[in-house]
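Residue numbers start from 1 in every chain, and the chains themselves are labelled A, B, ... in the order their sequence lines are given, proteins ahead of strands. Note that the structure is predicted; figures quoted are calculated from it, not measured. All values below were derived from every heavy atom in this structure, side-chain atoms included, with hydrogens, water molecules and symmetry-related copies excluded.
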Amino acid sequence: MRLSKAFIPTLKETPSEAAIPSHQLMIRAGLIRPLTAGVYSFLPLGYRVARKVMEIIREEMDAIGGQEFHLPALNPLELWEATGRVEAFGDILFQVKNRPLVLAPTHEEVICSIAKNHVRSYRDLPQIWYQIQTKFRNEPRPRSGVLRGRQFIMKDSYSLDATAEGLDHSYNLHAEAYKKIYTRCGLKFFVVGASSGAMGGTGSQEFMVESATGEDTVALCDNCGYAANLEIATSKVPRARRNGISLELKEIHTPNVRTIDDLARFLSVGTEVLAKSLVYKSDGQPVLILMLGNDQLNESKLKSVLPGTLEPMEPEELAARIGAEAGSIGPVGLRGFRILSDERLRGGNNLISGANRTHYHLANIDMERDVQVECFADLRTVQAGEPCIQCEKPLRIVNAIEIGHIFKLGTKYAESLSANFLDERGVERPIVMGSYGIGVERIIASYIEQNHDAAGIMWNKALAPFIVHLIAVNTDKEELLSASDELYKELQQVGISTLYDDRLDATPGFKFNDADLLGMPLQLIVGEKNLRYGNVELKDRRTSKRTIVKKQEVVDAILHFVKS
RNA sequence: CGGAACGUAGCGCAGCCUGGUAGCGCACCACGCUUGGGACGUGGGGGUCGCGGGUUCAAAUCCCGCCGUUCCGACCA
């Protein structure tokens, strides 16, 4: 492509709305342009990258036996009502105003409706169906450029199996394919155990890229490789103590003590003998949650114990129900509340918590003797430095970008849409499903987050929109321009994709800076001082290493680079 | 949805407080000059100052409402 004729609008200045490097560079390098909040146009250069990513995905999906579909983004509302997901998605689901249609945020429903009509027997299974298509989600707050948009390209696939073992196999095939895809894209990634969230199902893993700009938080063990989304991560923290004798309950006066830290200071005790009470409403019913010391409640974990709506109780309602302020709430003698406790408090005694009387706390609480706990569960959020659940080495907590998510769905969707098949014995059973997603834009943005410098992007060969950026430096010299033209033609003939900066009016500095910004892996620089001796210059964008090569030999050198 | 900021030429911004001619840099067009790290000179084109209402002789500027965008938080498959 000749740059003089190409539409590659580069910007010298950083657009004010872009706060993170990938977003800034994608706009500056002319890959994308914003249209409205969370919606971007791919410009030609950006779409070349997107196509490379999609082709890698396609090859690896085909390699595990995937069959490519192209499903409609417009779905009948009725189909989504059947699975209850109109309500589950709520405002995230775009609904068409003048027809009972929705814009699909994912395609389990459509897949099931096809399977229901055409998969009749266990002999038709297993299947892996996939597509690469635009998804629509009405995100309340789009941000970080293409990392969280309202419209984005997603590879989504669905496995259909007869049995749970079959699902395990399909799931593992996907996990392996995903690793190959990210590796080929040049991403440094890791896999974490994840929450299935609103998707439901029996297990899920996320593929993550460590990045300060990521919206997910992950606990990592550098020693043994344990990695889990903070939504489900656990650690080996000790339980609350249990002393020999449970002392008698005793009310203590604690004027103006509200927080756990205040209380520990006031009583000169460690926070590990204190039980914190949090009050929520689950489907409108009051629930008291007990946490040890300053442990932070993990709402994702709580939601898996308390499905349904969940909201913190307002202080006014709390005061009205208990007659005490939030800092003095406790589990003993509390009526009308379900009581849940974090696992860490199981069996503890001689603990201190609120007395349900403002300015008073209750000491010597025995969890077994004094508290009617409905259930114990892991409800706490892991903190950095805590011992790893597997090897007890300290955990790290990092931010990460989710670039893929795989789910074992089970029979949830097949059941609600009656997607059944007949097994070997002629018994009708629901299809066992898995669902798997990769965000195409997130791969691109994550790649840029990991591979840029002050000057711009540093593409690898796999994702680069062009392999070579050919720069004609002194365009006023006839012989120099014709030498560049010649090289451009030769590179085209041997199939090396080349962006050729043949602009007559741009100064050398302008061209060099554009080349660094656009970030093709190799820059081929044709300038007067080298050409005089029959040489040209090759610059490696990533290392900035320059080599002087004979003009006749440079195409071979580039071919060698491409094959290496 | 809560908190905050912003909206003036394609981009980055000033002007607003203290009302009276819409400005700067980059980009763009023409000509000249220049060619190894975002040149230079001369001339030029381009703006309903987000939208609507109000105050005023007069509004980019003051007041009210709306819309949009971004950031922090909540939320998040």
Without decimals, in angstroms, what is the distance between A/Asn138 CG and B/rC1 P?
11 Å
Any donor-acceptor pair under 3.5 Å between the side chain of A/Glu528 and the base of B/rG36?
no
Whole Å only: how far is the CG atom of A/Leu517 from the P atom of B/rC26?
19 Å
Report yes or no: is the cationic atom of A/Lys135 (NZ for Lys, CZ for Arg) under 6.0 Å from the centre of the six-membered ring of A/Phe152, at an angle within 45° of the ring normal?
no
So if I take every side-chain heavy atom of A/Ala37 and compare against B/rG38, B/rG36, B/rU69, which nucleotide ends up nearest?
B/rU69
Under 3.5 Å for both donor-acceptor distances, Watson-Crick or wobble: does B/rG41 have a partner, and if so which one?
B/rC31
Minimum-distance nucleotide to A/Asn513 side chain [options: B/rG38, B/rU35, B/rU69]
B/rG38
So what does A/Ala18 hit on the nucleic acid, given a heavy-atom distance under 4.0 Å: a base, only sugar-phosphate, or nothing?
nothing
Given B/rG38, B/rU35, B/rC75, which nucleotide is nearest the side-chain atoms of A/Thr475?
B/rU35
If the P atom of B/rA22 is compared with that of B/rU48, how far apart are they to the nearest Å?
13 Å
Parallel under 30°, tilted from 30 to 60°, perpendicular over 60°: which one fits the rings of A/Tyr500 and A/Tyr488?
tilted
Opposite nucleotide pairing with B/rC13, Watson-Crick or G-U, both atom distances under 3.5 Å
B/rG23
Quick one: A/Asp505 CG to B/rC33 P, roughly how many Å, whole number?
15 Å
Quick one: which of B/rC76, B/rC26, B/rG73 gets closest to the side chain of A/Arg141?
B/rG73
Does any nucleotide pair with B/rC1 by Watson-Crick or G-U wobble geometry, both distances under 3.5 Å, and what is it?
B/rG73
Under 3.5 Å, side-chain donor or acceptor atoms of residues 298-305 of chain A against the rest of the protein: list the pairs with distances, not counting sequence neighbours.
{"residue": "A/Asn298", "atom": "OD1", "partner": "A/Ser300", "partner atom": "N", "Å": "3.0"}
{"residue": "A/Asn298", "atom": "OD1", "partner": "A/Lys301", "partner atom": "N", "Å": "3.3"}
{"residue": "A/Asn298", "atom": "ND2", "partner": "A/Leu230", "partner atom": "O", "Å": "2.8"}
{"residue": "A/Glu299", "atom": "OE2", "partner": "A/Tyr280", "partner atom": "OH", "Å": "2.7"}
{"residue": "A/Lys301", "atom": "NZ", "partner": "A/Ala233", "partner atom": "O", "Å": "2.7"}
{"residue": "A/Lys301", "atom": "NZ", "partner": "A/Asp378", "partner atom": "OD1", "Å": "3.4"}
{"residue": "A/Lys301", "atom": "NZ", "partner": "A/Asp378", "partner atom": "OD2", "Å": "2.8"}
{"residue": "A/Lys301", "atom": "NZ", "partner": "A/Arg380", "partner atom": "O", "Å": "2.7"}
{"residue": "A/Ser304", "atom": "OG", "partner": "A/Lys301", "partner atom": "O", "Å": "2.7"}

Whole-angstrom distance between B/rC26 and B/rA14, as gauged at atom C1'
15 Å
For A/Thr36, answer base if it contacts any base atom (sugar-phosphate contacts may also be present), sugar-phosphate if it contacts only those atoms, and nothing otherwise; contact means non-hydrogen atoms under 4.0 Å.
sugar-phosphate
Option from A/Glu441, A/Glu139, A/Glu402 for which salt bridge (Lys or Arg N to Asp or Glu O under 4.0 Å) with A/Arg148 holds
A/Glu139
Of the candidate nucleotides B/rC26, B/rC71, B/rG37, which contains the atom at the shortest distance from the side chain of A/Lys12?
B/rC26
Work out how far the C1' atom of B/rG2 is from that of B/rG47, and round it to whole angstrom.
36 Å
Name the residue closer to the 5' end of RNA chain B, choosing between A/Glu402 and A/Ala19 according to the nucleotide with the nearest heavy atom.
A/Ala19
In this structure, how many angstroms lie between the P atom of B/rA74 and the NZ atom of A/Lys303, rounded?
12 Å
Taking only side-chain N and O atoms of A/Asn530, does any of them lie within less than 4.0 angstrom of OP1 or OP2 on B/rG36?
no
Presence of donor-acceptor pair under 3.5 Å, side chain of A/Glu17 and base of B/rG7
no
Pairwise P distance for B/rC64 and B/rG46, with rounding to whole Å:
36 Å
For A/Leu504, report the nucleic acid contact type (base, sugar-phosphate, nothing); a contact means any heavy atom under 4.0 Å.
base
G-U wobble or Watson-Crick pairing nucleotide for B/rC66 (cut-off 3.5 Å, both distances):
B/rG50
Aromatic rings A/Phe207 and A/Tyr182: how do their planes relate, parallel, tilted or perpendicular, breaks at 30° and 60°?
tilted
Between A/Tyr178 and A/His174, what is the ring plane arrangement, given parallel below 30°, perpendicular above 60°, and tilted in between?
perpendicular
Taking the same atom, C1', in B/rG7 and in B/rA30, what whole-Å distance lies between them?
34 Å
What interatomic distance, in whole Å, is found between C1' of B/rG37 and the corresponding atom of B/rG23?
32 Å
With P as the reference atom in both, quote the distance from B/rC29 to B/rG36 in angstrom, rounded to an integer.
23 Å
Is the A/His169-A/Tyr171 ring centre distance short of 6.0 angstrom?
no
Which whole-number value in Å describes the distance from A/Glu139 CD to B/rC71 P?
13 Å
With respect to the phosphate group of B/rU69, does any side-chain polar atom (N or O) of A/Arg143 fall under 4.0 Å of OP1 or OP2?
no
Under 3.5 Å side-chain donor-acceptor pair for A/Thr134 and A/Gln151:
no
Mind checking A/Lys539 for me? I need base, sugar-phosphate or nothing, with any heavy atom below 4.0 Å counting as a touch.
base
Closest to the 5' end of RNA chain B, once A/Thr10 and A/Glu231 are matched to their nearest nucleotides, is A/Thr10
Expressed in angstrom and rounded to an integer, what is the separation of A/Arg532 atom CZ from B/rU35 atom C1'?
14 Å
Between B/rG54 and B/rU42, how far is it from one P atom to the other, in whole Å?
47 Å
If you look at every strand shown and take non-hydrogen atoms under 4.0 Å, does A/Glu311 touch a base, only sugar-phosphate, or nothing?
nothing
Which nucleotide in the list B/rG36, B/rU69, B/rU35 gets nearest to the side chain of A/Arg546?
B/rG36
Look at A/Ser16 and B/rU70 and indicate whether a side-chain polar atom (N or O) is within less than 4.0 Å of OP1 or OP2.
no
Take atom CG of A/Asp476 and atom P of B/rU34, then tell me their distance rounded to the nearest Å.
9 Å
Interatomic distance, A/Arg503 CZ vs B/rC28 C1' [rounded to whole Å]:
15 Å
